[in-house]
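Letters go in sequence order (proteins before strands), and every chain restarts at 1.
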Amino acid sequence: MSPAFFVGEPIMFETEQQQVEQQILAFCKENGLPEPKLTWGWIPFNGHWGTSTSFFQLASQAAREAGQKVNVSEKANELAERIAAYLGTPAGFERVEAVKGYLNLYFSTAGYAQRVVDAVLEQGKDFGGGARRGERVMVEFSQPNTHKAFHVGHLRSAILGDALCNILEASGYDVVRANYPGDMGLHVIKWLWNYMKHHVGEKPENDITRWMGSLYAEANDRLAETPEFEAEVRALYGRWDQRDPEVVELWKETRQWSLDGFTQMYNELDIHFDRYYFNSEEEKPGKEIVNELIEKGIAQDERANDGPVIVKIDEQLGLTKDKYRVMVVLRSDSTALYATEDLALAKQKFIDYPDMVQSFYVVDVRQSLHFQQVFKTLELAGYEWAQRCQHVVYELVTLPGNVILASRDGNVVLLEDLIREATERALAVVEEKNPDLDSEQKQAVARAVGIGAIKYPMLARENAKMVTFDWKSALDFNGQAAPYIQYAHVRANSILRKAGGVVPASRAFDYEMATSEMQLVDLISRFPNEVQRAAAELKPLQIANIAYDIAQTFTSFYNECPVLQVEEPVRSSRLRLVAAAKQALANSLALLGITAPEAM
RNA sequence: GCCCUUGUAGCUCAAUUGGAUAGAGCGUUUGCUUGCGGAGCAAAAGGCUAGAGAUUCGAGUUCUCUCAGGGGCACCA
């Protein structure tokens with residue numbers, strides 16, 4: 001996807017900016033200077049608000065063309081000063097200055113602030129979103145294994161994928177949210193084996209996923225104690241392969257228990273899917289693709305010599321160094337493996353949605369090579385859509401000491417425990433801070449705060465950086481965290497409520513705006529750009545950052561600027577700004593999949 | 001051995017995609033509540049951006065190498 005957006009450019013003020021640009025071009029022409037490539041950014045905030053460009057490139061370019069050696073920073077500053085003088089005070093700006101080679105143009109705050117605030121309030125929950133592109137993308141994420149526990153290690157794909165969907169949707173794409181549960185494999189057979197032997201007739205009650213996970217751990221324990229049982233497991237796998245009705249029926253029933261448990265947790269997390277693909281459904285089509293690869297001469301069938309079916313990708317591409325290496329696409333016993341199924345799944349997605357411009361896979365970094373192999377193999381097979389497949393890489397969630405969570409062992413932090421702890425903790429705080437709320441409201445707030453506190457740290461860092469889970473920081477509601485942003489939203493709401501819930505009509509900010517007030521408008525105006533950038537880079541981090549920045553600046557504003565007590569007409573302008581800030585906070589939190597409560 | 005990835009304040013992370021004096025939170029220290037909600041605010045202290053070269057007017061950011069961590073590399077998922 002090409003990043004068709006403008007970084008750092010205040011998109012709301014294109015007209016004024018373009019006019020200035022024309023004048024600068026005219027200046028260059030008149031003075032025999034080369035045509036500059038101007039990039040606009042914001043001024044490091046110093047209490048005023050504006051846009052800025054620099055002339056270092058122009059200075060060095062001019063010197064090069066003239067064959068002269070110059071001190072570029074001096075020359076750039078000289079140019080900035082001459083251009084500042086040439087421009088005078090352009091329409092829409094109240095001041096122009098030249099500093100260290102930069103040309104700073106300060107906005108006329110009265111009209112600009114009004115324009116920003118009006119735009120936010122007119123667009124409401126759509127503020128920040130881009131025009132519909134009429135293009136579809138799919139995001140596959142979460143991919144839980146049935147018959148296993150769901151622990152905090154599984155959480156990042158779910159949270160990251162959900163936020164990416166929200167962001168892509170807001171940026172203008174039509175998004176298909178896809179899940180791909182691992183509903184068959186050795187882990188399932190082991191589970192069934194244990195169930196048939198020791199738990200026949202039992203059913204999960206309320207805590208489904210925990211129960212499913214505990215039986216899986218138990219199966220592993222029994223097999224570790226008595227390795228001879230492996231034969232029984234293999235025999236059961238054989239019965240599955242033959243589609244023994246008893247096994248298939250039990251599998252269907254127990255699989256559904258897991259899926260029901262997942263749905264419960266997705267509901268708790270407020271995460272939803274449009275489309276489910278199942279591992280078990282891709283087995284047969286996968287084998288068909290493998291046959292096709294063999295026929296096309298891409299795959300080599302070594303089964304005659306007790307070997308698997310493989311694709312020597314590097315050899316196919318004529319590469320001398322190891323890059324894609326060799327991918328096994330079918331086991332020597334002709335059973336399917338993960339790669340077999342992923343080949344079929346990629347194809348199935350484009351059969352279902354042929355118009356997709358991108359097919360994303362939110363899967364942890366350990367599978368990078370695997371996906372490169374799958375996509376490259378499909379490309380070799382002549383599927384042009386293979387180039388539209390992209391692995392969205394993220395790092396693992398580990399426990400302190402770099403311990404990887406494994407469902408097999410008991411060292412996991414279960415998602416249901418995390419959610420319960422977080423919401424209970426949040427409930428205790430609400431009881432203390434806001435005892436007047438009724439119990440239903442307190443529950444809702446506790447849920448919003450608890451879930452937000454879980455989600456935010458997973459989103460507020462680079463995808464490629466590890467998250468270390470520990471209870472202390474997971475349950476810390478202070479500082480740079482979701483509750484801080486939610487609290488800013490609550491305070492904004494509180495002011496509006498006390499004002500009678502009526503937002504005054506549009507008006508100019510024709511008074512001396514306070515520093516934090518201007519900065520708040522500035523940050524809000526950047527939000528639409530950040531949405532586009534987050535979508536182009538597939539980085540919810542951008543949204544987590546701007547959300548926090550807006551919250552922090554709103555809090556400064558809250559402390560510095562009285563709203564309800566101040567005289568008119570300042571009161572009306574500020575009330576509108578508060579409403580706009582509240583909207584911006586709510587919208588940014590929504591993109592992160594976090595609820596913005598009205599009180600807390 | 002090859003490939004990918006990370007290294008920024010004591011700790012956890014940012015940094016307008018190559019720009020102005022590298023910023024937040026936690027922790028530490030000191031203040032702030034008869035102000036719109038203190039889940040907060042103000043301030044102090046804390047940095048040779050792992051190291052060395054290169055490109056550039058300009059590098060935390062790009063390239064090369066070194067060091068250190070993590071991951072992956074034939075029938076697990």
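- One atom, CD of E302(A), and another, C1' of A74(B), lie 9 Å apart when rounded to the nearest Å.
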What string of B, S and - do you get for nucleotides 21-31 of chain B, 5' to 3', when a contact is any protein heavy atom under 4.0 Å?
S--BSS-----
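- Smallest separation of non-hydrogen atoms from T595(A) and Q486(A): O-NE2, 2.8 Å.
- Taking 4.0 angstrom as the limit, K465(A) places a side-chain polar atom (N or O) nearer than this to OP1 or OP2 of A14(B).
- Remark: U28(B) base-pairs with A44(B). Criterion, Watson-Crick or G-U wobble with two distances under 3.5 Å.
- Pair assignment for U62(B) gives A54(B), based on Watson-Crick or G-U wobble hydrogen-bonding distances that are each under 3.5 Å.
- For the pair Q373(A) CD and C4(B) P, the interatomic distance rounds to 15 Å; values are reported in whole Å.
- Screening F262(A), Y216(A), W191(A) for a ring-ring contact (aromatic ring centres under 6.0 Å, His included) with H147(A), the sole residue that qualifies is W191(A).
- Between the CG atom of L79(A) and the P atom of G58(B) there is a distance of 17 Å, rounded to whole Å.
- Rounded to whole Å, the distance from OH on Y456(A) to P on A14(B) is 11 Å.
- Of the C1' atoms belonging to U61(B) and A77(B), the separation is 36 Å, rounded to the nearest Å.
- Applying the salt bridge (Lys or Arg N to Asp or Glu O under 4.0 Å) rule to pairs touching residues 363-373 of chain A yields D364(A)-R366(A), sequence neighbours excluded.
- As judged by a 4.0 angstrom heavy-atom cut-off over every strand, V430(A) is placed among the base-contacting residues.
- C13(B) atom P lies 17 Å from atom CD of Q542(A), rounded to whole Å.
- Not counting sequence neighbours, Y487(A) has no partner by the ring-ring contact (aromatic ring centres under 6.0 Å, His included) test.
- Within the structure, salt bridge (Lys or Arg N to Asp or Glu O under 4.0 Å) contacts touching residues 459-487 of chain A (residues at least two apart or in different chains) are E462(A)-K539(A).
- Applying the side-chain hydrogen bond (donor to acceptor under 3.5 Å, both in side chains) test to W193(A) and every residue at least two apart in sequence or in another chain returns E232(A).
- Judged by Watson-Crick or G-U wobble contacts below 3.5 Å, the nucleotide C67(B) has G7(B) as its partner.
- Between I313(A) atom CD1 and C73(B) atom P there is a gap of 14 Å when expressed in whole angstrom units.
- In this model, the phosphate group of C3(B) is approached by a side-chain N or O of K321(A) to a distance below 4.0 Å at OP1 or OP2.
- Using Watson-Crick or G-U wobble geometry with both donor-acceptor distances under 3.5 Å, A22(B) finds no partner in any strand shown.
- Shown here are the ring-ring contact (aromatic ring centres under 6.0 Å, His included) partners of Y338(A), two or more places apart in sequence or in another chain: H370(A).
- For the pair E283(A) CD and A77(B) C1', the computed distance is 14 Å after rounding to whole Å.
- Across all non-hydrogen atoms, the minimal contact from A599(A) to V445(A) is O-CG2, 3.2 Å.
- The phosphate of U16(B) has OP1 or OP2 within less than 4.0 Å of a side-chain N or O from R533(A).
- Atom C1' of C11(B) sits at a distance of 15 Å from the matching atom of G47(B), rounded to the whole Å.
- Sorted by first and then second residue, the ring pair (Phe, Tyr, Trp, His ring centres under 6.0 Å) pairs with a member in residues 448-472 of chain A read F469(A)-W471(A); sequence neighbours excluded.
- Cation-pi check for R95(A) over Y106(A) is met; the charged atom lies under 6.0 angstrom from the ring centroid and within 45 degrees of its normal.
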Set out, line by line, the N/O atom pairs under 3.5 Å between protein and nucleotides 32-37 of chain B.
unit_1	atom_1	unit_2	atom_2	d
C36(B)	O3'	K498(A)	NZ	3.0
C36(B)	O2'	Y558(A)	OH	2.2
C36(B)	O2	L564(A)	N	3.3
C36(B)	N3	V563(A)	N	3.1
C36(B)	N4	Y558(A)	O	2.7
C36(B)	N4	C561(A)	O	2.2
C36(B)	N4	P562(A)	N	3.3
G37(B)	OP1	S494(A)	OG	2.4
G37(B)	OP2	K498(A)	NZ	2.2
G37(B)	O5'	Y558(A)	OH	3.3
G37(B)	O2'	Y487(A)	OH	2.5
G37(B)	O2'	R491(A)	NE	3.1
G37(B)	O6	N434(A)	ND2	3.3
G37(B)	O6	M600(A)	N	3.2
G37(B)	O6	M600(A)	O	3.4
G37(B)	N1	N434(A)	ND2	3.4
G37(B)	N1	M600(A)	O	2.5
G37(B)	N2	M600(A)	O	3.1

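- The base of A20(B) lies close enough to the side chain of S52(A) for a donor and an acceptor atom to sit less than 3.5 Å apart.
- Summarising the geometry, atom CD belonging to E517(A) is positioned 8.0 Å from atom OG belonging to S573(A); distances are rounded to the nearest 0.5 Å.
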Are any protein N/O atoms closer than 3.5 Å to N/O atoms in nucleotides 64-72 of chain B? If there are, list each pair with its distance.
unit_1	atom_1	unit_2	atom_2	d
G72(B)	N2	R325(A)	NH2	3.0

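- Taking atom P on both C57(B) and G23(B), the two are 26 Å apart, rounded to the nearest angstrom.
- Taking every heavy atom of residues 339-346 of chain A and every atom of RNA chain B, no pair lies under 4.0 Å.
- The base-pairing partner of A14(B), taking Watson-Crick or G-U wobble contacts with both distances under 3.5 Å, does not exist among the strands shown.
- The same atom, C1', is picked in G69(B) and in U29(B); the two are 33 Å apart, to the nearest Å.
- When both pairing distances are held under 3.5 Å, G1(B) makes a Watson-Crick or G-U pair with C73(B).
- Applying the side chain to side chain donor-acceptor pair (under 3.5 Å) test to every pair with at least one member in residues 300-313 of chain A, sequence neighbours left out, gives these pairs: D301(A)-R303(A), R303(A)-S334(A).
- Nucleotide U16(B) carries an anti base; the chi torsion (O4'-C1'-N9-C4 or O4'-C1'-N1-C2) is more than 90° from 0.
- Between C41(B) and Y484(A), a contact under 4.0 Å exists linking OP1 or OP2 to a side-chain N or O.
- By the side chain to side chain contact (heavy atoms under 4.5 Å, CB included) test, P435(A) pairs with no residue at all, sequence neighbours left out.
- Y324(A) places its OH atom 19 Å from the P atom of C2(B), with the value rounded to the nearest Å.
- Under 4.0 angstrom from either OP1 or OP2 of A42(B) there lies at least one side-chain N or O belonging to S556(A).
- At distances below 3.5 Å, not a single donor-acceptor pair connects side-chain atoms of R156(A) with backbone N or O atoms of V397(A).
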After noting the C-alpha distance and the side-chain angles of D438(A) and K442(A), does the key distance pass the salt bridge (charged side-chain N to carboxylate O under 4.0 Å, His left out) rule?
CA-CA 6 Å; D438(A) 67 42; K442(A) 282 179 191 161; over 6 Å; no
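- Along RNA chain B, the nucleotide closest to V70(A) and the one closest to V99(A) are compared, and the more 5′ of them pairs with V99(A).
- Taking each heavy atom of A499(A) and L564(A) in turn, the nearest pair found is CB-CD2, 3.7 Å.
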